[in-house]
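This report refers to the structure that appears directly beneath it.
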Amino acid sequence: MVGKIFNIKTNYSEDELIALLREKSESGFHHLYDHYSGALYGVILRIVQSKEYTEEIIQDVFMKIWNSIHQYDTAKGRFYTWMINIARNTAIDYLKSKSFQNELKNQSLPDFVYNNAELSTTNNSDFIGFSNVLETLESDKQELINLAYYQGYTQSEISEKLNMPLGTVKTKMRNALMKLKDLLKDYQ
């Protein structure tokens, strides 16, 4: 077979990628990382606001995707949405972890202030164009999505923070997400 050229496919459809990941294909994993790491990195960074922590978390996110791909159900939603939720939940869990909380307590004040000032000038959701879409929502809907998806608040915590009944938060969050979904269908 000397001289035979193997055609290695470098671009997969979503269904092909999912099948490869379920087969534990290394090329599927490389494709997944190459095509989705930037977007997932941006979601995580927006939540934890630290490049150092984001780099730790992104590794965990890809391992969770790899190890739980058999749990993904196409009938329940898009693959990208499923991965975004894994990234978001992993980042929020990290922020709530005791080790992270202890690390924050042990950080010196000048370092802490410096890190937050540096991070506050960075808007990393822009590279996927999401912030422009989010800005088209009414301000109350923007605030709910920001609190839940970028700052990691639960609906109960949002209820307390905004002094709003939990049922109202749930209804408004659902309405905000439906409106956002409607706006995003133009970008698919």
Side-chain angles (χ1 to χ4, degrees), residues 1-104 115 118-119 122-134 145-154 177 180-188:
M1 292 211 181
V2 176
K4 184 173 182 178
I5 298 174
F6 292 98
N7 185 12
I8 299 173
K9 190 171 182 178
T10 58
N11 207 6
Y12 301 104
S13 71
E14 189 173 287
D15 292 335
E16 290 172 325
L17 177 60
I18 293 166
L20 285 171
L21 293 173
R22 286 183 174 154
E23 295 167 4
K24 300 298 183 190
S25 163
E26 191 176 320
S27 67
F29 184 81
H30 288 296
H31 181 81
L32 174 77
Y33 189 83
D34 291 344
H35 288 82
Y36 293 99
S37 60
L40 296 177
Y41 186 91
V43 168
I44 296 166
L45 183 61
R46 181 73 184 225
I47 294 169
V48 299
Q49 299 187 351
S50 163
K51 289 179 182 179
E52 178 185 338
Y53 298 135
T54 299
E55 289 168 5
E56 284 180 38
I57 296 167
I58 194 84
Q59 293 174 13
D60 192 27
V61 167
F62 276 100
M63 289 311 300
K64 285 181 179 183
I65 292 168
W66 178 258
N67 290 326
S68 61
I69 188 65
H70 62 279
Q71 295 175 352
Y72 170 66
D73 183 359
T74 56
K76 292 184 179 178
R78 297 190 61 204
F79 183 55
Y80 180 71
T81 305
W82 181 73
M83 290 189 300
I84 291 286
N85 282 327
I86 290 174
R88 177 186 168 274
N89 292 339
T90 303
I92 291 169
D93 289 347
Y94 187 84
L95 289 178
K96 292 181 178 181
S97 72
K98 286 186 179 183
S99 62
F100 178 77
Q101 294 299 320
N102 286 337
E103 200 171 310
L104 281 181
N115 287 341
E118 174 188 317
L119 293 167
T122 312
N123 184 355
N124 292 296
S125 64
D126 242 0
F127 78 95
I128 58 174
F130 187 72
S131 63
N132 294 338
V133 176
L134 193 59
I145 290 173
N146 183 39
L147 288 171
Y149 288 93
Y150 291 129
Q151 296 183 32
Y153 283 79
T154 65
L177 291 173
L180 188 59
K181 179 181 176 184
D182 190 47
L183 291 169
L184 287 172
K185 68 182 169 185
D186 295 334
Y187 290 88
Q188 291 182 0

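We number each residue from 1, following the sequence as shown. Values in this document were obtained by computation on a predicted structure and should not be read as measured data.
Here CD1 of Ile58 is found 12.5 Å from CD of Glu56. Values are rounded to the nearest 0.5 Å. Note: Phe29 CZ to Ile69 CD1 = 11.0 Å, rounded to the nearest 0.5 Å. In this structure, the separation between OH on Tyr41 and CD on Glu55 is 4.5 Å, given to the nearest 0.5 Å. With values rounded to the nearest 0.5 angstrom, Ile86 atom CD1 is found 9.0 Å from Leu40 atom CG.
Contact annotation: the side chain of Ser37 approaches that of Tyr33 to within less than 4.5 Å [non-hydrogen atoms, C-beta and beyond]. At least one side-chain heavy atom of Tyr72 sits under 4.5 Å from a side-chain heavy atom of Arg22.
Side-chain polar atoms of Tyr80 and Glu14 form no donor-acceptor pair below 3.5 angstrom.
The two residues Ile44 and Ala91 have their closest heavy-atom pair at CG2-CB, 4.2 Å. Taking both residues in full, the closest heavy atoms of Val48 and Tyr53 are given as CG2-CB, 4.2 Å, listed atom of the first, atom of the second, then distance. Contact detail for Val61 and Thr90: the closest heavy-atom pair is CG2-CB, 3.8 Å. Minimum heavy-atom separation, Leu17 to Tyr36: CD2-CE1, 3.7 Å. In terms of heavy atoms, Asn146 sits closest to Arg46 at OD1-NH2, 3.9 Å.
Each of Met63, Gln71, Lys64, His70 was checked for a side chain to side chain contact (heavy atoms under 4.5 Å, CB included) with Asn67, and the lone residue meeting it is Met63.
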Derivation of the side chain to side chain contact (heavy atoms under 4.5 Å, CB included) call for Asp93 and Lys96: CA-CA 5 Å; Asp93 289 347; Lys96 292 181 178 181; 5.6 Å; no

Ile47/Tyr94 under side chain to side chain contact (heavy atoms under 4.5 Å, CB included): CA gap, chis, key distance, verdict: CA-CA 10 Å; Ile47 294 169; Tyr94 187 84; over 6 Å; no

Test log, rule side chain to side chain contact (heavy atoms under 4.5 Å, CB included), inputs Ser68 and Trp82: CA-CA 11 Å; Ser68 61; Trp82 181 73; 3.9 Å; yes

Side chain to side chain contact (heavy atoms under 4.5 Å, CB included) between Phe62 and Met83, worked out: CA-CA 9 Å; Phe62 276 100; Met83 290 189 300; 5.7 Å; no

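With hydrogens and angles ignored, the 3.5 Å screen pairs no side-chain donor or acceptor of His31 with any backbone N or O of Ser27. For the pair Glu16 (side chain) and Ser13 (backbone), a donor-acceptor distance under 3.5 Å is present.
Applying the 6.0 Å contact sphere to CZ of Phe79 captures more than 12 heavy atoms from other residues, nucleotides or ligands.
Cation-pi check for Lys24 over Trp66 is met; the charged atom lies under 6.0 angstrom from the ring centroid and within 45 degrees of its normal.
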